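Here's the structure, in structure tokens; my notes come after.
Note: hydrogens, waters and symmetry copies are ignored here, and every other heavy atom, side chains too, is used. Here the structure is a predicted model, which is why all the values come from computation and not from measurement.
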Amino acid sequence: MARLPALLPRRLLLAAVPISAPAPALAQSIVFAENFEGGGLGAYVETDPSGSPAATLWHGEPFCVGPNGSYTAVPTAPPVTFPSIAGLPGAITILGPLLDDAVVTIPVPIPFSLNGSPVATLNVDTNGPVSAGAFSDFSNDRIPSTAAPNGWTAAWWDDLFVTPAGAVRGAIVGGSVVLEWTGLEHFPGNGSGETATFQVRLDPSPANTIALLYDGATFSLGTDPWSATIGIENATGLAGLDPTGLGAANSAFPATNFLLVPSASNPGTPLPASMGTGAAAYNRGDLGIYDYDTGGTNAGAIESPAISTPAGAAVTLAFDTSRDTEPGTGFDQSFVDVRPAGGQWASLIQVSSLTPCSTPTTVSTPVLGVGGAPWQHRFRFDTIGPAANAYLGWVVDNVSVSASGTGPSVRTLHAIAPASTTTTVAVEEGPPNGAAGLFFSTAAGPPLPILPSSPEPVWLDLSQTSFLVPIPLDSSGDGSVSFTYPTPNATFGIYFQCALVPGLVLTSASGTAQADLGGGQAAVLAYRIKTGVVRVDAIANPGLDLDLERVAPGGAVTNLGTATVGATGTVVLQTTLVPPLASGETLQLVVANAVVAELSLQ
């Protein structure tokens, strides 16, 4: 039968140090890190609720609450000749002839912000709007209007039809993105005589200005009257600029062109300083709308690449989170899940802290059972329902995965307790409904006694293994066990470490307990009443010798007693220290000629 490896050195240190002193920490190394400073989702892949790669509301984000830019319209004189890009080398046809109510997404190859929010793509509509949302609407709205689309600008928005000789084109001219609607007529495209050619130009200089340009020389009226909208509207539809003041009833081109100049009146609220200039966010901030109120239930995740950590290492996942959602855990749920690379996902933790656009919460959680094979984690958001979603959403940043040591996943939970007092070892965020385990090295002999606050001490004989005491965990992964320490003429403390062990289940807790270690391994714990000072009781192999020795500061050793395990497999060794231990002296417990424990005074 395979055995558990020893998790601690063969010496169990019983040291006289203050109760707050931590046990020595294992060296850590970072094996994965992502801070989303590149403007997108970095190493993560966005997936829908089925786990398939798909666009959801996750995106790279520089703001907690984004800017809601406003504009001033500056009339500009039209040039003598309209600067058409038709026939210009490099101009491309975005939407061709005979199209109606069509929209296409194009990249924006220059740094540009619309309504104060940076845009990497825009949607160009045959009907005239250039928007952050992929939406076509032949029924033009007044400005402002909360009806979709929102977050748009238009030189001439009407129910338009691309004629057989017409097109919607795009080109880069002098560093500006120029979009041109050439030879469009009013629906239904029946050759009724009206014609319109116009441009929307996105200018990086002056910064983020928008030019609305009109070819007045070719503009004509027909039997189907124009009733267009001109201007710009923000991402919520609550504010905008109508430079003609005619709303959705412009019947002819204006006499001038317009330059829409952005204002810095509402620069927005950037991420907290510790998150830098980029984070992963679940909201509609990429559209300039800082909530996830889409009108329906929505969900999405970002998945890490496969991560490799050393076999048996203690693995920790840490990240910063800023979160503004419905309170509680029933709706607007934020989960961190893990899985073997390509395997089934399992929930690691649910994040419920609420820190909207303020100092983020740092979360650090052990990740169990992942050492030695590639694994993944993901951040998953689910609104559960369509209502009450007008919150800022979930922002995640500064993700890191660290690995400690090369042995089994050991986490130091508590160190030392004064004599004659009770101390509690608490486990938090372990395996739900699983168990943790306290470990002592027993490679050279029998287990060492610990006196719980319950009437019976816990004993365990696994020969050359080191598992000693299981701690059952509840559905939240929490549990605890308490211990009381005796006094050998003075006070002393004890170091111990706890491993969070997947699959470890405590099935019984009375008299004896069966701990299922997996892989066919089982441990039997026997409980017996024990009292006394400097008394050692053991269950071990018959014939094994147990020595208690006194060690002077210079190294001289005095044997205080020897006991041999009898045929029943039990032994008791008890003595009184005369004189009491002096400063620098220690006691050591020797089994089979190996020191397995040391005691020292404060």
As an exercise, state the distance from [atom1] of [X] to [atom2] of [Y], rounded to the nearest 0.5 Å.
| X | Y | atom1 | atom2 | result |
| --- | --- | --- | --- | --- |
| Asn35 | Met275 | CG | CE | 11.5 Å |
| Ile384 | Thr297 | CD1 | OG1 | 8.0 Å |
| Leu202 | Ser176 | CG | OG | 8.0 Å |
| Asn208 | Leu260 | CG | CG | 12.0 Å |
| Asp397 | Glu37 | CG | CD | 6.5 Å |
| Glu326 | Asn389 | CD | CG | 6.5 Å |

task = Starting from the C-alpha separation in whole Å, work towards a yes-or-no answer on side-chain contact (heavy atoms from CB on, under 4.5 Å) for Leu259 and Ile210.
result = CA-CA 6 Å; Leu259 185 65; Ile210 302 170; over 6 Å; no
ask   = Just wondering, are more than 12 heavy atoms of other shown residues or ligands nearer than 6.0 Å to CZ in Phe138?
value = no
Side chain of [X], backbone of [Y]: donor and acceptor closer than 3.5 Å?
| X | Y | result |
| --- | --- | --- |
| Thr126 | Ala102 | yes |
| Gln333 | Asp382 | no |
| Gln199 | Arg201 | no |
| Ser145 | Arg142 | no |
| Glu34 | Ala43 | yes |
| Asn283 | Tyr292 | no |
| Thr153 | Gly231 | yes |
| Asn398 | Ser274 | yes |
| Asn234 | Gly237 | yes |

Which atoms form the tightest heavy-atom contact between [X] and [Y], and what is the distance?
| X | Y | result |
| --- | --- | --- |
| Ser131 | Asn150 | CB-O, 4.5 Å |
| Gln350 | Thr329 | NE2-O, 3.1 Å |
| Trp157 | Ser139 | CZ2-O, 3.7 Å |
| Ser322 | Cys357 | OG-N, 3.3 Å |
| Val104 | Ile94 | CG1-CG2, 2.8 Å |
| Leu88 | Ala171 | CD2-CB, 4.4 Å |

query = With a 6.0 Å cut-off on ring centres, are Phe32 and His377 close enough?
reply = yes
request  = For Asn140, enumerate each residue passing the side chain to side chain donor-acceptor pair (under 3.5 Å) test, keeping only those at least two apart in sequence or located in another chain.
outcome  = Thr229
inquiry  = For Glu61 and Tyr290: C-alpha separation, side-chain torsions, deciding distance, then whether side chain to side chain donor-acceptor pair (under 3.5 Å) applies.
reply    = CA-CA 10 Å; Glu61 177 61 57; Tyr290 286 81; 2.9 Å; yes
Derivation and outcome, side-chain contact (heavy atoms from CB on, under 4.5 Å), residues Asp291 and Tyr391 = CA-CA 5 Å; Asp291 63 31; Tyr391 293 88; 5.8 Å; no
remark   = Tested for ring pair (Phe, Tyr, Trp, His ring centres under 6.0 Å) against Phe381, the lone hit among Tyr282, Trp58, Phe335, Phe331 is Tyr282
Answer whether the closest heavy-atom distance between the side chains of [X] and [Y] falls below 4.5 Å.
| X | Y | answer |
| --- | --- | --- |
| Val31 | Ser402 | no |
| Ser117 | Leu114 | no |
| Ile230 | Phe198 | no |
| Thr365 | Leu348 | yes |
| Ile349 | Val351 | yes |
| Leu317 | Val336 | yes |
| Leu99 | Val168 | no |
| Trp152 | Ile232 | no |

task = Kindly determine whether Thr383 and Asp332 satisfy side chain to side chain donor-acceptor pair (under 3.5 Å), including the steps that lead there.
result = CA-CA 4 Å; Thr383 65; Asp332 298 348; 5.0 Å; no
Under the side-chain contact (heavy atoms from CB on, under 4.5 Å) test, residues paired with Ala301 that sit two or more places apart = Thr47, Arg378, Arg380
inquiry  = Using the rule given for side chain to side chain donor-acceptor pair (under 3.5 Å), can you reason through Ser50 versus Asp48, listing the C-alpha separation, both sets of side-chain angles and the distance that settles it, and then say yes or no?
reply    = CA-CA 5 Å; Ser50 71; Asp48 64 16; 2.6 Å; yes
request  = Give a yes or no on whether a salt bridge exists between Glu303 and Arg339, defined as a side-chain N under 4.0 angstrom from a carboxylate O.
outcome  = yes
ask   = Hey, mind stepping through Asn298 and Leu57 against side-chain contact (heavy atoms from CB on, under 4.5 Å) and telling me if it holds?
value = CA-CA 8 Å; Asn298 48 73; Leu57 298 187; 3.9 Å; yes
task = Decide yes or no on side-chain contact (heavy atoms from CB on, under 4.5 Å) for Leu271 and Val395, but give the supporting numbers first.
result = CA-CA 9 Å; Leu271 295 170; Val395 178; 4.0 Å; yes
Single hit among Asp159, Asp158, Leu184 for side-chain contact (heavy atoms from CB on, under 4.5 Å) with Asn127 = Asp159
request  = Would you sort out whether Thr321 and Arg323 count as a side chain to side chain donor-acceptor pair (under 3.5 Å), showing the intermediate values?
outcome  = CA-CA 6 Å; Thr321 171; Arg323 189 170 173 272; 6.0 Å; no
